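Each chain gets a letter, A, B and so on, in the order its sequence line appears, and its residues count up from 1. Note that this is a predicted model, so its numbers are computed, not measured.
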Amino acid sequence: MSVHIDRLWQDALEQVKTWARTNSPWVIHFNSGSCNGCDIEILATLTPRYDAERFGIKLQGSPRHADVLICTGPVTRQARDRLLRVYEQMPYPKFVIAVGSCALSGGAFQGCYNVVGRVDAVIPVDVYVPGCPPKPEAIIDGIVKLLDKLNGAAPEEAQL
Amino acid sequence: MNSDLEWALEIVGEWALEHNAPAADRLDVRIKPEHTAAAARALIDARWGYLTAITGLDGSAEDGQLEVLYHYCRGASILTLRASLPRDHAAVPSVCGAVPMATVYERELAEMFGVMVVGTPDSSRLFLPDDWPDGVYPLRKDAALERAAPAPEEDQ
Amino acid sequence: MSDNEHGGSKFTVPIGPQHPALKEPGHFEFGVDGEVVTSATVRLGYAHRGIEKAVETRNWTQNMYLLERICGICSHIHAMAYCLGVEALAEVEVPPRAQAIRVLVAELERIHSHLLWLGVAAHEAGFDTLFMYSWRDRETVMDMLEGLTGNRVNYSANLLGGVKFDLTAELAAEIKRGLAFLEERTQHYLDVVTSDELFLRRTRGVGTMTNEQAELLGVVGPTARASGVNRDIRVIAPYSAYKVFPVTPVVEYAGDLEARFVVRLKELFESYRLCRAVVDNLPPGDITTRFPRRIKAGEVVSRVEAPRGELFYFIRSSGGENPDRVKVRTPTLANMASVISLAVGHQLADIPMLLAGIDPCFSCNDRAVTISGDDDWTWERLRQLGIARYGRPAW
Amino acid sequence: MEAADILRNLFVIAVFPAGLFVLVNGLLYQWADRKVIARLQNRVGPRWFQPFADSLKLLAKEEVVPEGTDPRLFMGLPIVALAGALTAALYLPIAGLAPAYSFPGDLIVTVYMLSLLTLCTGLAGAGTRSRFALVGATRTLTQLFSYEAPFLLAMLGPAVAAGTWQIAEVMDYAGSNLLILVQPVGFVIALIGLMGKLEMPPFDAPEAETEIVAGALTEYSGRGLALFQLGRSVELVCGLTLVAAFYLGGIHNPLDYAIKTVGLLLGLAFLQSLLARLRIDQTVGLWWRYGSLLVLAQWAVMMVTRS
């Protein structure tokens, strides 16, 4: 009997934790050599027209405070170890969103000598937001999809 | 050749080996590499415009020599001082005496083309990463880029 | 000039987090000999992607996509400079309607860039309301750009030999309505920037650069025009449709950070006037023309006025399908290089004011710093030194 | 102490006026503050349960103790900070009821308890090895010493007028004659001092996000950060109640409490969105040059009129 109650208690706690995590995703933004087209679109999500704060998204300064790392740019060699260090400084549970086609596949800078090319070659990535640059709506949609994934909802097939 | 360019030609006249005007508002003047600093000093003292860029060229000269172009602008006219350098130990005196801001352009020239800039206040790397192998100059046509390929992508 | 390796102790100011207006996060390093700064250098490279090498392996049209992505905020002007250069090389005459549309998109991009800088600079000074308001108004110009070219940033409106999109009647009407709204908002911002007591505390008399220094050091763009140096390529060397739509220069003389705010805001009014002029009398004709695949050998220099200053392109072709060399010198590099070399010879106590005054996006370097060598400097102690030295009334 | 007494004390401390209620009230006020600022900045602003979600999420996150810092100190400081803020609530008329505990001189204890949080933040910043935290800590403490004196004097003004150090009695005195009219300068200094204490803009130099990452709390994550932020929201409630009780004619019933504190909160939110951030040297200059002189002048006037 006690085992049953125990599990009940665990589930309730788990649900509260997931609810809290999905309702306050704090974000840190890292530019690993992007042309900052994506960066100004990420900043645009905070401004009045898109206002990411409606979803509880707040841009944080320190990796210690953040849950979600938004990474842009094709990861130049110089920025590579900084990206790793920022990722390791973030407390668990942490997630990564790669924004912009540079972060996904190196974009226009494929084959350049000073570029690693993909963010997921350096750190594990949860959500990819394609586009050069993706519109603020697409970036917010990426974060919402990440939250759905957290809630365990199966991502619906992309309507063709 | 408008009046500005003629005046410019007078200023750098003593070092000019040859000159031609590829376009209405442009003048190319070939000079010896050792005279770049003196020419810069003369132009700045005569207050003829400002140094806007330093360009490195590889494969432009037939005899396989490197070329360094100093672009000076005054209003709409552009004066380009061209100096050709041997490929293996290319060296050119620094113009930072006359134009203090040129250190950034000279550092870029040095790391991209391997041109040793004599007397530049700072010759540390500007653009290339810290772990970039020495001796590989990316913008040279024969640069051995595979030696400096980015670290192999390890799976996390 | 003692070399900073073994001379005075080296003093490193790390900059970050990544700032949208700052194309490349960098490190400033100052060699200090006692009180006097002996050498000042900057270390870039965090966003160095090796574009000038990649350009040599792509043909003329593919390079358009690469060069548009050097900087997200002024992507159109990079493509325009490249197109003007290559068209001059290939001696192709671009129809006047295409030139006018290019100028229209360039001016819309200047409006978008200046409003962005206004917001980011206010955010630097902790004035978040102005940041929110200016970025909200910036959405108006983003809508215009999206309506005309289909994309908010990296609009790639340019094509070798012309433009991809044409201006329709209702789009012209919408642009004029948006410009009216923006003009009224900019007047409001101009009043705020020149009258708000708290904001003036952070900008008036900070980082002053005299006319002489600006002239000699080759500072470009609004930073130069704020010190009385009229270096605006659209005025001194009109290119493309600027010959048909002349630009009146905007010059201030105080040379401090406030003057740079005022110059950029007044330039906005100039851009609104230009956009209206282009939209009102857009020359008829088609918007593009045939362009050869191979460009005959030759060299060309293309200078244009980017929102941050003079952008310099040197393009050399050896007659093939790929360019032999494309040299790009961006305005940020020129401004940063000239003001960093300005730092040499200054007192250590001047450094915070000087770096804060260059461009607000550098003033976010209010970081703790460490001096290798004898004692441990923090940014705070450095700031106090500056204040104690000059004893300016704090309030 | 019969069982009933112990139970009552436990209930008072843990649940009603001082414990859970103040926490929930603090989070709601924090939401109101963020929402009003957002609306003034033409934005939609967060949902009502945002601070709850933030705190719960932070509590559920991994606590990273950076090496080179003493774990006991690193963990202990947030707890002390929150405890200080909660204890201050005991002596205040939270929710319009009479203060839970009241003894002559509890005003001094309360104001000291309120500044405990800032002290702990400063120590926390100095404790961690990140240099951004170091600068944040020095700024926090510099700002603490600059606004503490004028704020204290502004608070003691009404106490001297009432001739007692006990909050309850001062409130009765304030109930009869509206002190905001008698000591207007004291009210303004107290309100602005409250903004300095809570590091609201224009006094948010200690945690200037664009300058020093996150100030003294850069290295904190998970539970420590949550406790600090809870402490700050509790302090928001206590500060508002204190200023409202003294200057707005005392707090006698829950409705009175709600109206006055929310009114003050709206005033603070409006000021926050209006003003740009002051440099730390300007803040100190402002407080020592204008803040103290005004308050002392206020005191002088009061002394003359009282005798």
Side-chain angles (χ1 to χ4, degrees), chain B residues 22-23 25-26 28 44 47 49-60 67 69 71-80 82 96-109 111-112 119-130 132 137-141 143 145 148 150, chain C residues 1 3-5 24 26 29 31 38-50 52-53 56 88 214-220 224 229 231 233 235-239 298-301 303 310 312-314 316 318 324-329 333-342 344-345:
Chain B
D25 54 2
R26 275 179 56 217
D28 281 2
I44 296 298
R47 300 182 66 75
Y50 60 99
L51 171 71
T52 181
I54 300 177
T55 315
L57 269 182
D58 181 9
S60 55
E67 246 194 312
L69 278 63
H71 304 280
Y72 291 87
C73 294
R74 176 185 169 82
S77 42
I78 302 157
L79 167 72
T80 313
R82 311 176 77 105
C96 289
V99 183
M101 63 173 274
T103 55
V104 183
Y105 301 151
E106 283 172 351
R107 281 168 69 188
E108 184 185 12
L109 182 71
E111 68 184 356
M112 292 297 173
T120 180
D122 177 18
S123 53
S124 59
R125 282 227 168 92
L126 180 66
F127 287 119
L128 292 175
D130 302 331
W132 185 265
Y137 304 113
L139 282 183
R140 285 199 181 191
K141 296 291 185 223
L145 279 184
Chain C
M1 288 255 288
D3 185 3
N4 56 22
E5 264 65 42
E24 291 187 334
E29 291 180 0
T38 52
S39 74
T41 61
V42 64
R43 171 78 170 95
L44 303 175
Y46 291 92
H48 174 63
R49 295 145 288 188
E52 288 175 10
K53 185 69 180 176
E56 287 154 13
E215 183 75 47
L216 257 180
L217 284 172
V219 181
V220 291
V229 172
R231 204 167 277 161
I233 309 301
V235 175
I236 48 179
Y239 49 92
E299 290 174 358
V300 73
V301 165
R303 291 167 70 203
E310 174 204 0
F312 180 90
Y313 263 68
F314 172 84
R316 176 187 162 76
S318 50
D324 181 39
R325 172 81 164 102
V326 175
K327 159 75 183 178
V328 178
R329 196 274 293 141
L333 194 61
N335 279 343
M336 179 157 59
S338 47
V339 177
I340 280 303
S341 55
L342 192 70
V344 173

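Contact annotation: the side chain of L139(B) approaches that of R325(C) to within less than 4.5 Å [non-hydrogen atoms, C-beta and beyond]. No side-chain heavy atom of T80(B) sits less than 4.5 Å from a side-chain heavy atom of F314(C). Side-chain contact check for R303(C) versus H71(B): every heavy-atom pair is 4.5 Å or farther apart.
Proximity to chain C (any heavy atom under 4.5 Å) is restricted, for D28(B), to the side chain, taken from C-beta onward. Looking at P138(B), the atoms closer than 4.5 Å to chain C (heavy atoms on both sides) all sit in the backbone: N, CA, C or O. Using a 4.5 Å cut-off between heavy atoms, L51(B) does not touch chain C at all.
The distance from the CZ atom of R329(C) to the CD1 atom of I54(B) is 11.0 Å, given to the nearest 0.5 Å. Atom NZ of K141(B) and atom CG of D324(C) lie 4.0 Å apart (nearest 0.5 Å). The OG1 atom of T55(B) lies 5.5 Å from the CZ atom of F312(C); values are rounded to the nearest 0.5 Å. In this structure, CZ on R140(B) lies 11.0 Å from NZ on K53(C), to the nearest 0.5 angstrom.
Chain C forms the most heavy-atom pairs under 4.5 Å with one residue out of L57(B), D58(B), D25(B), and that residue is L57(B). Between chain C and the residues G49(B), A98(B), S77(B), G75(B), the largest count of heavy-atom pairs under 4.5 Å involves G75(B). Across E56(C), E52(C), E299(C), the residue that shares the most heavy-atom pairs under 4.5 angstrom with chain B is E299(C).
In plain terms, the two heavy atoms of C73(B) and E310(C) that are nearest each other are SG-OE2, 4.3 Å.
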